> 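Structure incoming, see below.
Here is the naming used below: chain letters follow the sequence lines, and residue numbers restart at 1 for every chain. Owing to the predicted nature of the structure, the values given are computational and were not obtained by experimental measurement.
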Amino acid sequence: MARRYAARVRLATWNINSLKVRIDRLREWVDYAAPDVLCLQETKVADDAFPALTFAEWGYETVHHGQGQWNGVAIASRLGVTEVVHGFAPGIEPDVDARLVTATCGDMRVMSVYVPNGRAVGHEQYHYKLVWLDRLRAHLDAVAGPDDPVVVAGDFNIAPADRDVYDPAAFVGETHVTDDERERLVRLHEWGLVDLFRVAYPDADKVYSWWDYRRGDFHQGRGMRIDLALGSRAVAQGVDYALIDRHARKGKLPSDHAPMLIDLTL
DNA sequence: ATGGTAGAGCATCTA
């Protein structure tokens with residue numbers, strides 16, 4: 001259906017690191033931030049344990065793609081949830097894990113992604129990460145076009161540039177910062193996606209979305225910006241505001257990731 | 001000091 005007027009949309013993404021443990025904190029943040037579309041990662045629940053009725057009480061339609069103990073991704077939307085694809089589109093080698101779910105929310109084609117961690121450079125899981133990102137690019141071609149309003153949001157487990165890492169020297173030879181991983185992000189840029197946080201803040205540094213639980217890293221400012229919202233041109237040109245909400249990383253039982261929100265005019 | 005914490009779930013595995 002043709003769009004008749006500009007719509008303001010608040011998009012959010014959060015690696016919640018267990019929906020079961022974090023449901024009250026999530027409710028608190030949703031009340032505060034009131035996103036229209038919310039991408040979640042690491043729900044760590046099976047589909048039959050996903051609290052869809054709770055989200056419905058909050059005013060959200062949901063789709064969840066989970067497996068139980070690990071991984072699990074969801075999209076919660078006040079703008080509808082249609083044209084759902086669980087995992088990679090048909091024709092692409094299926095994923096062994098639940099790391100991707102796609103839905104149309106309002107006018108946007110939305111993907112919630114939990115990119116494999118990679119564990120260590122050269123590890124079998126690192127190879128899986130790189131191949132997974134190649135498959136994500138193929139998936140984009142299958143479910144959307146670069147001229148559509150498209151958003152790919154989630155935990156990419158890649159810091160796009162050195163300024164997205166608290167100490168680049170500390171990560172030499174580690175995952176999340178290698179040329180091979182960053183090249184996969186460049187390929188997504190070549191498809192037509194841009195880093196929406198950078199649209200709002202082209203030069204900001206020391207802005208992170210994840211801090212290791214250990215060693216007091218959050219309080220010492222040792223973080224990385226690895227949670228990204230990538231958007232096509234139709235989305236990027238409408239970015240009004242972006243925020244990585246560090247306050248949600250504080251207090252009792254925080255996720256190790258902060259949520260990010262992006263305000264758009266579509 | 002090759003450490004530390006957190007979540008799954010009950011011995012470790014994953015991050």
> In whole angstrom, give me the gap between the P atoms of dT12(B) and dA1(B).
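The same atom, P, in both gives a distance of 27 Å.
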
> Students often mix this up, so state it plainly: with edges at 30° and 60°, are the rings of Phe171(A) and Tyr166(A) parallel, tilted or perpendicular?
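Rings of Phe171(A) and Tyr166(A): perpendicular, as their planes differ by over 60°.
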
> What I want to find out is whether Arg8(A) reaches Asp36(A) closely enough, with some N-O distance under 4.0 Å, to be called a salt bridge.
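No.
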
> Polar atom pairs between nucleotides 13-15 of chain B and protein, under 3.5 Å, N or O only, would you list them?
unit_1, atom_1, unit_2, atom_2, d
dT14(B), OP2, Arg119(A), NH1, 3.3
dA15(B), OP2, Arg119(A), NE, 3.4
dA15(B), OP2, Arg119(A), NH2, 3.3

> By the 4.0 Å heavy-atom rule, please label Arg22(A) as base, sugar-phosphate, or nothing.
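Counting heavy atoms under 4.0 Å across all strands, the contact made by Arg22(A) is with sugar-phosphate only.
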
> Could you verify whether a donor N or O on one side chain and an acceptor N or O on the other, from Asp256(A) and Trp211(A), lie under 3.5 Å apart?
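Side chains of Asp256(A) and Trp211(A): no pair found under 3.5 Å.
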
> Applying side chain to side chain contact (heavy atoms under 4.5 Å, CB included) between Leu133(A) and each of Ile158(A), Val113(A), Asn157(A), Leu185(A), report the one that passes.
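Exactly one option meets the side chain to side chain contact (heavy atoms under 4.5 Å, CB included) with Leu133(A), and it is Ile158(A).
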
> Using a cut-off of less than 4.0 Å, is there contact between a side-chain N or O of Ser18(A) and OP1 or OP2 of dA8(B)?
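Yes, such a contact exists.
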
> Can you check the distance between dA6(B) and dA11(B), where both ends of the measurement are the P atom (answer in whole Å)?
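After rounding to an integer number of Å, I get 23 Å for this pair.
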
> Using a 3.5 Å cut-off and no angle test, enumerate the donor-acceptor pairs between side-chain atoms of residues 259-266 of chain A and protein atoms at least two apart in sequence or in another chain.
unit_1, atom_1, unit_2, atom_2, d
Asp263(A), OD1, Arg10(A), NE, 2.7
Asp263(A), OD2, Arg10(A), NH2, 2.9
Thr265(A), OG1, Asp240(A), OD2, 2.6

> Quantified in whole Å, what is the C1' atom distance between nucleotide dG9(B) and nucleotide dT14(B)?
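That atom pair is separated by 13 Å.
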
> Within this structure, what is the CZ-to-P distance between Arg222(A) and dT5(B), rounded to whole angstrom?
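Spelled out: CZ on Arg222(A) to P on dT5(B) is 13 Å.
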
> Scan residues 221-236 of chain A for pairs that pass side-chain hydrogen bond (donor to acceptor under 3.5 Å, both in side chains), counting only residues two or more places apart or in two chains.
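Output for this query lists Asp164(A)-Arg225(A), Asp195(A)-Arg225(A), Ser209(A)-Asp227(A), Asp217(A)-Arg222(A), Asp227(A)-His257(A).
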
